[in-house]
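See below for the structure under consideration.
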Amino acid sequence: MFGAGGGTSSYREAEEADLVILWGSSAREAHPIFFHHVLKGVHRGAKLYAVDPRRTSSAQWADVWLGLEVGSDIALANAIGREIIHAGLVNQEFVRRATANFDAYAAAVEPCTLEWAEAQTSVPAEAIRELAHDYGRADRAQLCWTLGITEHHNATDNVLALINLALLTGHVGRWGSGLVPLRGQNNVQGGGDMGALPNKLPGFQDVVTNLEARDRFEKAWGVGIPPRAGWHLSLMFEAMERGELTTAYILGENPIRSEADSDRTSRLLEGLEHLVVQDIFLTDTARIAEVVLPASASWCEAEGTVTSSERRVQRVRRALQPPGQARDDIEIICELARRLGSDWGHPSSEQVWDELRSLSPMHKGMSYPRLEALGGIQWPCRDEQDPGSPFLHGRLWEEDPERRGPAAPFFAVAAEGPLDLLDSEFPIRLTTGRRLDSFNTGVQSSQYATPIRRRESLNLSPEDMSDLELTDGDRVIVSSRRGSVEAPVLTDSSLHRGLAFMTLHFPDEVRTNRLTLDAWDPKSGTAEFKATAIRVTKLRAAVREAAVQGAPDPVA
Amino acid sequence: MDLRLGVAGPASDVEKAAVDRVLGMPSGGWDGGRRTPEDGHLSRGGRAARSRRHLLLPVLQAVQDRTGWISPAALDYVCTRLTVPPAEAYGVAAFYALLSTEPAPATVVHVCDDLACRLGDGEKLCAELERRLGPPGESGGREARWVRSPCLGRCEQGSAALLQRSGEPAARVSIAPATVAGVEAALHGGAVRVDTTPPVRSDPAGHRLLRRVGVVDPDSLDSYRAHGGYQLLRRALELGPGGVIGQVKTSRLLGRGGAAFPTGAKWEAVAANPVRPHYFVCNADESEPGTFKDRVLLEADPFGVLEALTVAGYATGSERGYLYLRGEYPEAAGRVRQAISQARQRGLLGEGIMGTDFNFEIELRVGAGAYIAGEETALFNSIEGSRPEPRNKPPFPTQAGLFGKPTGVNNVETLANVLEILRIGGDAFAQLGTPDSTGTRLFCVSGRVERPGLYELEFGVTLRGLLDLAGGVRGGRPLAAVLLGGAAGSFVGPPALDIPLTFEGVRSIGASLGSGVVLVLDDTVDGRDLVRRIARFFRDESCGQCVPCRVGTVRQEELLARLASGNPNGSVAAELDLLGQLGQVMRDASICGLGQTAATAIQSAAALGLLGDPEAGRVRP
Amino acid sequence: MSLSFVAPPRRLLTITIDGRTVKVPEGATLLEACRQQGLDTPTLCYLENLAPVNVCRVCVVEVEGARVLVPSCSRKAEEGMVVHTDSERVRASRRSVLELLASSVDLSLAGPEVKRWMNRYRAEPERFGPAAPAAEDDRRDRARPGEHHAPEGQVAATVAQPVKLDNETYIRDYSRCILCYKCVEACGSEAQNTFAIAVAGRGFEARISTEFAVGLPDSACVYCGNCIGVCPTGALMFKSEYDLRQKGRWDEARQTVTTTICPYCGVGCNLELHVQDNEIVKVTSPLDHDITRGHLCVKGRFGYQFVQSRNGGDEGR
């Protein structure tokens, strides 16, 4: 956001905010400890809004839940923006001094009336107005989102639509007001920090435009760095499709299970000339690899750092000896380098980190002893006196234009629904999400059990259950334009008519990603996991249909 | 709130109707009703939903009254409607003796075996019931059950019972005096009777608080007004809040609830607190064994209590008053309920009272069988829908009371004095009684005395004087002891007879007036039995929150059982020493007045030698 | 950007503790003042990351002018207060409170400090007689408020009852429960806000309970284990610890505790891994870290098994 990719606030700000909006985020289940901070704020008197197609457990805490249609986020955000403008709730001073392109934005959202938005989102206009006014009036407001915003083909536009609201109202760059993207996995933020992005060097230094940084890295490493952006994941799969990418080295990912349209993913990975997988498990992806490098669990069998959703770099430490021949990631990578002809020695994690600090200004002040002493440090942290940055973009509030720096631009974005259209053949919208005790494809979470663990099911609204003459536990065929799976059904009153829900947690039972669409956002490379058009058929009827029409076989 | 409800399935239509009668019909699917199309895209909840928690106890009572118990399915429905977690709602329901969390007979008769009835016919009645029907709580068939009960506040009768019958309509009726035939009739659905003649025995010439008792028609606002009713509220409105507080301060009125705190200072603290809103609570949870004075005022002069509460609300800047009445006083509840309704109809409650800009509402809240709910902070928790566990003080109610806001609390008798202060003026009131105990006092005289009943006397009368007015010890037997102040009070012996019954007088002998209980013991009373009943009372009524009281009351009862059975651990002296230590930790370290006084009467009994001699079963004069 | 939210400095109050004049910041509790003076003040229901409930009463001190002793954990210091922490009254109350608890609850797994306090105050819980036999089945869960069988007094009533084993993550041994309310607070508004448990019943029959005492699988419990994290007596215990104790293999002397970061979502919770024989045996979180304040979710608390399941090499996918 405005350069470096990270949330602008600290968790603690949620405790001290007057208004918290959770948009496409069921933090109660997906980020439970962040939700503790939200609840402290709620008990202190903060108003809570939840914007989510499902009335999630988070939404059940909300003063108002806006149950929008899947993929109608931009329509809702633009209408909120228009209402803020029309109600005279724009923070004029902030907009004038710290932003650009306001007029273009205002013109773009002008058609987005509350009534129009109600038609687009199914949320009553009055509730949209209420949210707009509360956000416009709040002294401190936190706008938080998760994958409900980013797992769409237009993910970046979704995020921009929300950022526009913060710019309109000045809800950024102050203690208590900010934009909070909650990271789905423990070191997604750290991966970005370290340059695991196609166009960035470590510390969010652009590989194409930041000549000074590139020069610094080239000098330090004694090699030339190609001055162009690499491929992100979705582009890599396209390159595999074209035969341009023939070798892959995958660390700690299980794309066969985790990627959308998994039949295609399997086909492409199996078609590679050479696949190396480094993982702590023999995953489905590892099973088809030519070489498997058993790794240590980075969080408890190795030393290092991770970065949280509040940009806090924290130490992970070795508590256990790794099993068998598993080795530390650093050791494996250095050994690989040695065999490829570059001797990097045997650096400790601290030495690797200190090299990063010498090259990434935002991490410079974060020595291991300081990370230890302060319980982690939030970037940027520019020297060893810098306490770190609880929130970002305070510069936007500076009086002095010099110190204020470049304006933050509005980006007008147009509402665009999901690509996988509903029609009479695929009339139900399937969305996906997490459950409290499970995680992603279940590689980690399937190894422990609690009484709240439930098997996979297709959750349907009471209305659809009744229309389809289904009762809980009935097995159905769920078909999308890409594939079919079989699953039991479960009534879920958090869903409205026409909305269905599944998780990705139990690929052994139900390979939900056979259904999802791999259409991806050109800017972020994220696939549209959240919006699939499906048809639900009671199992016996489905079998007959398969025989007649040659539809894909259900997975047992 | 993300409630997870149990696996009980939906509540029955009957259960839902009972809840909806209190709360109104649900607004939609998220409120426990039928799903609407809009429910799929919008819900409102959050703070607004959670703020309905204070309706929990009324709703639980409604379910109890309708079905005889609170089933898991009914609890789920209650929780959905009020956004209360089921475990918390269960914790509340399982606190109160008049609520059942297991299937129970439709009819339950609670038979008093507490102090005064023990000295009357109550224990004999229980023994006979036990012989005919089996042990309490376990028998009586599927339709009806009898149980032993703590004091029901009809002490002057010497026996009392309370009929609790669920159904449509439900019934809660007092039975006093209670007989075997009366209880059996109640158990079998027959008619019951209660003598509601006010048991006032003092000379009406001296009556100030009781001046209208037995004189006005308690069901008629017009009758009340014909006897000068609501003239004093008008006077208060003329004086202004500061003027009223000034009069109350001048009067030197001390609270009659037990703590003897200056009422004027309390009101002033509430009035001066900048935090809004303010609340005023009338504590009518009169449950101290041997006490029945507030019941008489509420049954016989309900408008007087409302008028006084309204004056208090006016003086303290409160717009809302609560009258918290113990659940064992159904007749008083009926009177107060209709009195509120009449006062509201005539504009004496509501907005713009008497043409001023003063707004005041009174809400009646009925308890469900918990002595501790009479402790003021426990009472707040009860109203708020939490377990009636006392809060640590400070903060005091005037700082953070009901719903965390500045709150004034007075018991019924204290408030009744306020009308008298307005009537004669604070200065004149201060001339009544003694300099440190101004005004009059209501004494609840019961036990072995010729004329038990309620006596209003000017402060200054001695115990001997009061006993003489009451006709002396019944049958002319020798006086053994008097329990002053109730179970939380003290036994005093004959040497105390000439002590004036003033705050300072009884303090000088280490006793207290408490709630005005004067329970008379003659030489035939088994003091150790009485003391064990007191120990049982506190063990049953402890909320269980703090260790000294929760475990101390158990150890105290066990120890008294050992003394009573003549099997002390070591010597009697060692036991008495241990008893003293238990008393000390309960008094010094308990959170609230219950624990702090749970040993007082027992210690005083020990000091009088009522426990000391393991050979003697009788109280010696 | 400068940090503009540093709390303003607090006024200092002067109070007297055991004859010493000390200065404490306004808003400090007497317990904080005592600890500042290095006075070992016993506490059972107090924990740094929870609001004080002041129910155990073992931390009471004597404040001159107060009618009764005051709980130091919640009572705030006031200018000029004169406090005694070791007067005869204080010692007597602390002794009796410890005796009452120890005579009714199994304190054998409470921390070593409890034994230290018992010795210091010469607590003799056996003075109340031998312990009564444990309650059968779920009798305590079904107690009706305001009713009990009159005791004969020869044995001392206790809360002993069977262990509740109803899931694979943690056990509830309410024979060890001192009713400190910490688990209720942690499950409730102090942290988790799930409210799966509350206090039910009253008096000596007051107990931590789900609705209608249903088992945890039928309750609202989400297995965050935050109740275990705050339990001072071992009444709530990881099943892993319970099993090792049953086998006689639990040995804290051989355990290491390593702080690291949870491997699940991106919040970055600090985990303390308790490791014995290269196996994680339980997981806690530091009370003083700003992110968790000691509280975790089910994944962080119990989701660690996957790293220990790899020895066969093939369990994961």
Side-chain angles (χ1 to χ4, degrees), chain A residues 11-12 30-34 36 39 43 175 182-189 254 257 280-284 297 299-301 306-310 312 314-321 323-324 326 375-376 387 389-391 394-395 436-437 439 441 443-445 447-452 507-508, chain C residues 1-5 166-169 189 191-193 215-218 221-224 256-271 273 275 278-280 286 288-293 295-300 302-311 313-317:
Chain A
Y11 305 148
R12 228 185 68 209
H31 301 94
I33 302 304
F34 172 73
H36 284 186
L39 286 173
H43 290 314
W175 178 256
L182 293 160
R183 304 304 188 177
Q185 296 168 52
N186 90 321
N187 200 25
V188 167
Q189 183 67 54
N254 185 16
R257 288 300 174 94
I280 64 169
F281 291 120
L282 191 64
T283 62
D284 282 354
W299 66 285
C300 62
E301 293 168 352
V306 291
T307 312
S308 76
S309 296
E310 59 171 1
R312 186 187 295 268
Q314 302 186 98
R315 289 272 284 108
V316 291
R317 297 178 182 83
R318 169 178 278 208
L320 299 171
Q321 297 300 320
S389 307
F391 61 88
R395 66 171 178 85
L436 173 64
D437 71 334
F439 190 70
T441 59
V443 170
Q444 296 173 181
S445 55
Q447 300 291 312
Y448 79 106
T450 77
I452 53 173
D508 284 349
Chain C
M1 182 68 193
S2 59
L3 304 181
S4 56
F5 45 90
D166 53 19
N167 73 91
E168 285 305 305
T169 59
S189 56
Q192 177 56 30
N193 285 279
L216 291 177
D218 288 331
C221 180
V222 292
Y223 306 92
C224 63
T256 58
V257 182
T258 306
T259 304
T260 189
I261 306 299
C262 178
Y264 286 96
C265 80
V267 172
C269 298
N270 282 243
L271 305 182
L273 306 180
V275 173
N278 207 36
E279 279 204 3
I280 299 171
D288 58 355
H289 198 283
D290 212 31
I291 296 179
T292 65
R293 297 187 183 110
H295 307 299
L296 295 171
C297 80
V298 58
K299 296 187 288 292
F302 296 110
Y304 57 81
Q305 271 97 337
F306 70 93
V307 292
Q308 298 177 168
S309 64
R310 291 179 293 157
N311 291 324
D314 202 45
E315 292 89 341
R317 287 168 302 274

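The structure presented is a predicted model; accordingly, all values stated were derived computationally and were not measured. When reading the values below, keep in mind they use all heavy atoms of this one structure, side chains included, and skip hydrogens, waters and symmetry mates. Here is the naming used below: chain letters follow the sequence lines, and residue numbers restart at 1 for every chain.
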Nearest 0.5 Å, what's the CZ-CG distance between A:R317 and C:L271? 11.5 Å
A:F439: ring-ring contact (aromatic ring centres under 6.0 Å, His included) partners, not counting sequence neighbours: C:Y264
Residue selection (most heavy-atom pairs with chain C, distance under 4.5 Å) from A:L436, A:T307, A:V306: A:L436
Out of A:R312, A:E301, A:E310, which one racks up the most heavy-atom pairs below 4.5 Å with chain C? A:E301
Taking C-beta and beyond as the side chain, do A:W299 and C:V307 meet within less than 4.5 Å on heavy atoms? yes
Taking A:Y11 for the side chain and C:V267 for the main chain, is one N or O donor matched with an acceptor at less than 3.5 Å? yes
In chain order, what residues pass the ring-ring contact (aromatic ring centres under 6.0 Å, His included) check against C:Y223, with sequence neighbours excluded? none
Contacting region of C:T292 [heavy-atom separation from chain A under 4.5 Å]: both
Check each atom of C:H295 against the heavy atoms of chain A and say whether the ones under 4.5 Å are side chain, backbone, both or neither. both
Within this structure, what is the OG1-CG distance for the pair A:T450 and C:L216, rounded to the nearest 0.5 Å? 10.5 Å
What part of C:V222 lies closer than 4.5 angstrom to a heavy atom of chain A: side chain, backbone, both or neither? both
So OH of A:Y448 and NZ of C:K299: to nearest 0.5 Å the spacing works out to 6.5 Å
Which answer fits C:C224, side chain, backbone, both or neither, if we ask what part of it has an atom under 4.5 Å from a heavy atom of chain A? neither
Heavy-atom pairs under 4.5 Å with chain C: which of A:A30, A:S309, A:A326, A:G376 has the most? A:S309
